[in-house]
Amino acid sequence: MSDSNIVKKVTTQTFQQMKQNGEKISMITCYDYSTAKIFDAAGIDAILVGDSLGNVMMGYPTTLPVTVDNMITYAASVVRAVKRAFVVVDMPFGSYQGDPKLAVSNAVRIMKETGCQAVKIEGGQEIEESFKAILSAGIPIMGHLGLTPQSVNKFGGYGLRAKANEEAQTLFQNAQLLQDYGCFSVVLEKIPAHLATEVSKTLTIPTIGIGAGNACDGQVLVYQDMLGISDMVLPKFVRKYADLSSVIKNAVSNYVSDVKSGAFPSAEESY
Ligand code: KIV
């Protein structure tokens, strides 16, 4: 194989270099082999196998029912497809809160059984022991602060977080703590842009924003939202880059017509 065929994999070091060089990090969610191949070929820097798969792939109203086994099945499919992008996998609700020993064994399972490069967990100081236990096993962690969907029942919905001073201060402190624990990056979800700017300027690790303004060191979107596949009402931070729902509906409806009329398959499409 010639050197030009060797694809340089994105790593946690690449994330750090990109922050230092002021190069923005592009991240998108993905949950399956075929789509991951396309995203990787399109040049995405990182793929998040998010527990949002509970909503967009499994049809649950929240991410709470998602299990470690669910995450492993979807994540392993993504990892098999990807050559360049960094792959990070969400630890689902109940798999890291509480018992740090359970947190490490779940994180180890995810790493071993999927081949991903890191895990993502939601929360701050309240789960300090789990952060430390997972990091001490040599597993890189991407933190997640702000709107953390696994806490939807505590928040009472999916509204903007850290609008009030006290919550903003707590978020700021938690972001610094995550960096001190040794996280390599942190997602900031649905918080005021000025707060995300302050956090991004203060931290030496990259921030990845979703509904957190454009001063973050990178951005992430759920792919069904940005490609127009989702039938949900989308928050204003989503930019729709395509309307795949119409494209797919149109194609399948043409196929239905062709099958019904006998126009498919043709002689050329037969043996
Ligand atoms: O699960 C997910 O897709 C996420 C992103 C929205 C950041 O956590």
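Remember, predicted model here, so these are calculated numbers, not experimental data. Just follow the structure's listing: the first ligand is 1, and inside any ligand the first atom is 1.
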Looking at ligand 1, does any of its N/O atoms fall within less than 3.5 Å of an N/O of T29? no

Q150 side chain to Y96 side chain, donor-acceptor N/O pair below 3.5 angstrom: yes

Side chains of S266 and E268, donor plus acceptor under 3.5 Å: yes

With heavy atoms only and a cut-off of under 4.0 Å, state how [X] meets ligand 1: side chain, backbone, both or neither.
X: L53; value: neither
X: D51; value: both
X: D90; value: side chain

Option among L171, I210, I208 that satisfies the side chain to side chain contact (heavy atoms under 4.5 Å, CB included) test with L188: L171

I need the single residue from K9, Q117, K37 that forms a side chain to side chain contact (heavy atoms under 4.5 Å, CB included) with V82. Which is it? K9

If we only consider heavy atoms of E122, is any one of them less than 4.0 Å away from an atom in ligand 1? no

Nearest-neighbour protein heavy atom for [atom], which is reported as residue plus atom name and distance:
atom: atom 6 (C) of ligand 1; value: I210 CD1, 3.7 Å
atom: atom 3 (O) of ligand 1; value: S52 OG, 2.5 Å
atom: atom 8 (O) of ligand 1; value: K120 NZ, 2.9 Å
atom: atom 4 (C) of ligand 1; value: L48 CD2, 3.5 Å

Under 4.5 Å between side-chain heavy atoms, hopping through other hydrophobics if needed: is there a path connecting V238 to L147? no

Return the orientation label for the Y181 and F131 ring planes: parallel under 30°, perpendicular over 60°, tilted otherwise. tilted

Under 30°, 30 to 60°, or over 60°: which ring-plane class applies to Y74 and Y31, parallel, tilted or perpendicular? perpendicular

Find all atoms of ligand 1 within a distance of less than 4.0 Å from any non-hydrogen atom belonging to G50, and give their numbers and elements. 1 (O), 2 (C), 3 (O)

